[in-house]
Amino acid sequence: MPMEVLPGPAGYIPTPAAFEGVELPPPGKALLYGKIVDEETAMREAAKAMLTRRNPTIFPGPLVLWGWNAGAMEKAKAVLELSMEIPNCRIIPMPDYRPKYPKIDPEAEINPNHPNLTILHNKIEACIFVGVHCHYANLSLRMIRAGTNCFTIALCAEMGHEDAMVSLRDQHADEIRRFRDVLVKVREELGIKWEPKLPPENPSLPKEEYQTLSVLDYGEYSYLLIPRRGEHVTESE
Amino acid sequence: MPEQRVVDADYLLLEAPRERKFITGAQAMAEAVKRANVDVAIAYPITPQSEVMHLVGDIWAQGYIKDYYRAEEEYGAMSAIAGAVRGGARAFSATSGPGLLRGLEAIASWPGHRIPAVLGVLTRVVNAPLSIQPDNVEISYLLNCGMVVLHAENQQDVFDFTLASFIISEMVDVYIPIAVCTEGFFVTHAKGYVNMTPEDMKLPPRDPYKAPVPPTDCEIPPARIQRDAPVQKSNFMSYLIHAVWQQEIWASNIRAMKYIYKYLGGPIEVINPDAEVFVVASGCAAAQGREAVRYAQLEGLNVGLVKVKSIRPFPEKEIRQVLSKAKAIIVPEHNIVGWLAKEVKAAIPNSDSVIGGPRVYGGMTLPVELIMEKIYQALGIKKEKKVVV
């Protein structure tokens, strides 16, 4: 009998759900508390959690934050559309997987190496992971289950995640929009009044002033933009 | 070189027509590599692996592989494989005995780096004393690395396991390396019939963008781990990161099981499931165990065989189920430590019924008569031993 994957805190070093017989869902199906169910059922439960639990937050990862292909850009738009329908939803990005030392700013970003700090600091009780590479999503989801009571939802572009309370697989822009539609329906059923609007600005992130943006603003990445000595760049994409 | 067309992996592995050839195990492994759309092969020669990598070199010369070279030694070979795979290539290497141990530090880091490489392990004695004879004690060193470990009984298994391993290891929910082990000489240098997929078909190329970690990037672990490792910071969070990371590797190992069912027909093969005495064996010992079961049937004895194809993930549930009513379990092995007997004992509640042996090592063959002696012993049958003077 596979284990039930419920919100934590599960304790000091929780056993991965995969060790306890939880298997990833086949195409067209989803995981709900470790059990394989229809996508619609899982989506409804995920929507309910995001609509009723405290401080719902979306954690977008590098695969939607960085516009590295057309699919990623479309998916990012769909994530934004989803966030607009969740009352008081916030977005805290996971831009990369580098350990942040000496200390992460838990309001500016979430990091897979210490995801629970962001969750605990912001008192987040429901969250969505989207666009995070599977390995790092699994690390984060398990650590969140270990030390917090957060209800985790994984919108995975691949095969899903056993350690999330709700795991939907093969999620791209269209599927995320379908989830948004289900969420709107559940919101109406619950009688929650809400006009779609953008999430609040992340107060910890510096303002982006495109007019005065300089190469130096890119910090350690600036070498990617500055031509090398003697190099004459005549064309760009 | 025939023009190869890319076909769907499921078609190639499960449906494509097969042609029967009489070839050595080394040829079977190279033929699988030929059909696997491999980008790069790197190795350092060591007997009995040399035969495999020599043949892989031949197929590189024929144009089936993009790059091939001999490394300075095994540590360099296995480190270079990691680099090639992190750069997006599909890579293959093979080694034997002391070579495996020399490369083991690099190999043991592959799963943690999520490196989906395929490694042929053509087993031999681990020195000293110096020997090149077959013996599979080296598999025991692989068992706790986190990688998937398959153990091939014969030339057909070598072909099937190697070809399937490329696909299994690159599944996004697995994405860890696979070792395809078989006994050196007994399989690598002996011929057997192999049903092979057509030479003009190959697997689809590797898609590195499917990886569960980003492609090579010096700013993210594990590359970054070398200079700013979370595990080097002494605080609770850092330890938890490492613990969770380790869990993830073993979770990936467990997830490989469903693909072992799909492409290899399951982690075990069972003959005579209602037997009262079972021979449980892997690799070449399974071939001898199969022969012992045939002898036993001729003598009217109720003996069965469990051939273990997958040592990692270890099929605990399956073995427990098959052996639930067994009176005696005989585990013949080609090594002195008895790593398979220990695994079987740990997997079942009635571990007293496990007879660890017969074991042969150092290049000794495993006569069926040795297994029969254990069967007679288990069934309480007395046989006279005759000494011819």
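Just so we're on the same page: letters track the sequence lines, and every chain starts at 1.
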Pick from Ala18(A), Pro16(A), Ala137(A): which one has the most heavy-atom pairs with chain B under 4.5 Å?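 When all of Ala18(A), Pro16(A), Ala137(A) are compared, Pro16(A) has the most.
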
So how far is it from Gln247(B) CD to Leu139(A) CG, rounded to the nearest 0.5 Å? 9.5 Å

Looking only at Lys210(B), Met257(B), Lys317(B), the option with the highest number of non-hydrogen pairs under 4.5 Å against chain A is Lys210(B)

Test salt bridge (charged side-chain N to carboxylate O under 4.0 Å, His left out) on Glu248(B) and Arg142(A) and set out the steps. CA-CA 9 Å; Glu248(B) 187 52 21; Arg142(A) 204 169 305 129; 2.7 Å; yes

Can you tell which part of Pro14(A) gets under 4.5 Å to a heavy atom of chain B, answering side chain, backbone, both or neither? backbone

Ignoring hydrogens, what is the shortest heavy-atom contact between [X] and [Y]? Give both atom names and the distance.
| X | Y | result |
| --- | --- | --- |
| Met143(A) | Ile241(B) | CE-CG1, 4.0 Å |
| Phe19(A) | Ile254(B) | CD1-CD1, 3.4 Å |
| Tyr136(A) | Pro214(B) | CE1-CD, 3.8 Å |

Min side-chain heavy-atom separation [X]-[Y] under 4.5 Å:
| X | Y | result |
| --- | --- | --- |
| His133(A) | Pro212(B) | no |
| Met159(A) | Arg255(B) | no |
| Leu240(B) | His114(A) | no |

Hey, is [atom1] on [X] packed in by over 12 heavy atoms from elsewhere, all under 6.0 Å?
| X | atom1 | result |
| --- | --- | --- |
| Tyr261(B) | OH | yes |
| Gln321(B) | CD | no |
| Glu316(B) | CD | yes |

Show your reasoning for whether side-chain contact (heavy atoms from CB on, under 4.5 Å) applies to Trp245(B) and His135(A). CA-CA 9 Å; Trp245(B) 198 299; His135(A) 176 84; 3.2 Å; yes

List the steps, then state whether salt bridge (charged side-chain N to carboxylate O under 4.0 Å, His left out) holds for Glu23(A) with Lys258(B). CA-CA 9 Å; Glu23(A) 290 185 10; Lys258(B) 61 177 173 291; over 6 Å; no

